[in-house]
K.L.:
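This is the structure I have questions about; it appears just below.
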Amino acid sequence: MSFFLAMMLDPSIQAKGRKEIDTVIGIMTEVLRWIPPPPLGVSHALSQDDVYEGMYLPKGSTVIPNVWYILYFLDNANRHDESRHMLHDPEIYPNPMDFNPERYQGLDTEMEAVKDIVFGFGRRACPGREFSEGTVFAIVATVLATCEILPTMDASGNAVLPEPTHLSRPVT
Ligand code: HEM
């Protein structure tokens, strides 16, 4: 849904994706960063006592990863040394609520860093990641190649653009 919303709001990105297949991965990554499907990841219970940034966390605590605004250490030397980054950190992703696939400049390291967060981390990271990436890529590429995503029109023929607002709670 985020993909269709983004394409409707900016037809120029849609046109670029249609023309240059290389940009599809950037579009796909930006869909995942812009509105991460699990904005608070998946919560876990600590199996042993832990300390995070000087805070003592006893065994059994529930930990909720704030993927939207998470603090995350990257060991990739090609990226920001010892940086912490979040999917909506304005220092890493300027104007984070703008949908801008060009922010990755086509660099795999930049795009992988987003997916390393969206799909969770450590031993319980999403086992469906590769499957999802392949499926989303196929859907995005096929839709862009065969369809034009347009907004609805009012009685006078003016485009009615949806407001990109989001709920701050889970939807059941
Ligand atoms: C865009 C699509 C998807 C996203 C963003 C996503 C994201 C996630 C996240 C954040 C977790 C929790 C990781 C953690 O605990 O740190 C997770 C777990 C999991 N995902 Fe996905 N997922 C996606 C699609 C799928 C698909 C298609 C499958 C199966 C075919 C799948 C199967 C699972 C399973 C089985 C777990 C639990 C792993 C465990 O607890 O050991 N996911 N996913």
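Here the structure is a predicted model, which means the values were calculated and not measured. We count ligands from 1, going down the list as the structure has it; atoms in each ligand are counted the same way.
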K.L.:
Counting heavy atoms only, which of Cys126, Pro127, Ser43, Gly134 comes nearest to atom 37 (C) of ligand 1?
P.N.:
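Going through Cys126, Pro127, Ser43, Gly134 one by one, Pro127 has the nearest heavy atom to atom 37 (C) of ligand 1.
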K.L.:
Could you check whether Glu148 pairs with Arg18 (Lys NZ or Arg NE/NH1/NH2 to Asp/Glu carboxylate O, under 4.0 Å)?
P.N.:
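No, this pair does not count.
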K.L.:
Considering non-hydrogen atoms of the protein only, which is the closest contact for atom 4 (C) of ligand 1, and what is the distance?
P.N.:
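That would be Phe119 CE2, 3.4 Å.
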K.L.:
Considering non-hydrogen atoms of the protein only, which is the closest contact for atom 27 (C) of ligand 1, and what is the distance?
P.N.:
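I find the closest protein heavy atom is Ser132 OG, 3.4 Å.
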K.L.:
Tell me which protein heavy atom sits closest to atom 30 (C) of ligand 1, plus the residue, atom name and distance to 0.1 Å.
P.N.:
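Of every protein heavy atom, Phe131 CD2, 4.1 Å lies nearest to atom 30 (C) of ligand 1.
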K.L.:
May I ask you to check if ligand 1 and Arg124 share an N or O to N or O distance below 3.5 Å?
P.N.:
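It does: an N or O of Arg124 is found under 3.5 Å from an N or O of ligand 1.
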K.L.:
Are Arg33 and Tyr93 in a cation-pi setup, meaning NZ or CZ lies under 6.0 angstrom from the ring centre and within 45 degrees of the ring axis?
P.N.:
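Yes - Arg33 lies over the ring of Tyr93, closer than 6.0 Å to its centre and within 45° of its axis.
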K.L.:
Are Leu150 and Phe99 grouped together when hydrophobic residues (ILVMFWY) are joined by side-chain heavy atoms under 4.5 angstrom apart?
P.N.:
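Leu150 does not cluster with Phe99.
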K.L.:
Membership question, hydrophobic clusters at under 4.5 Å side-chain separation (ILVMFWY): are Val42 and Phe121 in the same one?
P.N.:
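No; Val42 is not reachable from Phe121 via cluster members.
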K.L.:
Have a look at ligand 1 and work out which part of Arg123, if any, has a heavy atom under 4.0 Å from it: side chain, backbone, both or neither.
P.N.:
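For Arg123, there is no contact with ligand 1 at all, from either part.
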K.L.:
Let me confirm one number: the CG-NZ distance from Asp108 to Lys115, rounded to the nearest 0.5 Å.
P.N.:
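Interatomic distance, Asp108 CG to Lys115 NZ, rounded to 0.5 Å: 7.5 Å.
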K.L.:
Atom CD1 in Ile35, atom CD in Glu30: separation rounded to 0.5 Å?
P.N.:
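Result: 10.0 Å between the selected atoms.
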K.L.:
Does a side-chain N-to-carboxylate-O contact under 4.0 Å join Glu112 and Arg129?
P.N.:
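Salt bridge: yes.
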K.L.:
Locate the shortest heavy-atom distance separating Val118 from Pro38; write the atom from each residue and the value.
P.N.:
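Reported closest heavy-atom pair: O-CG, 3.9 Å.
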K.L.:
May I ask you to list the atoms of ligand 1 that are less than 4.0 angstrom from any heavy atom of His44?
P.N.:
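Per the distance check, 14 (C), 15 (O), 16 (O).
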K.L.:
Give me the residue, atom name and distance of the protein heavy atom closest to atom 11 (C) of ligand 1.
P.N.:
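The closest heavy atom on the protein side is Val42 CG2, 3.8 Å.
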K.L.:
Atom 10 (C) of ligand 1: which protein heavy atom is closest, and how many Å away?
P.N.:
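Checking every protein heavy atom, the shortest distance to atom 10 (C) of ligand 1 gives Val118 O, 3.4 Å.
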K.L.:
Which residue and non-hydrogen atom of the protein lie closest to atom 29 (C) of ligand 1, and at what distance in Å?
P.N.:
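Looking at atom 29 (C) of ligand 1, the protein heavy atom closest to it is Gly128 CA, 4.2 Å.
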K.L.:
Counting from 1, what ligand 1 atoms have a heavy atom of Phe121 closer than 4.0 Å?
P.N.:
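Under 4.0 Å from Phe121, ligand 1 has these atoms: 16 (O).
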K.L.:
Measure Val136 to ligand 1 on non-hydrogen atoms and call it side chain, backbone, both or neither using the 4.0 Å cut-off.
P.N.:
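Within the 4.0 Å criterion, Val136 makes no contact with ligand 1.
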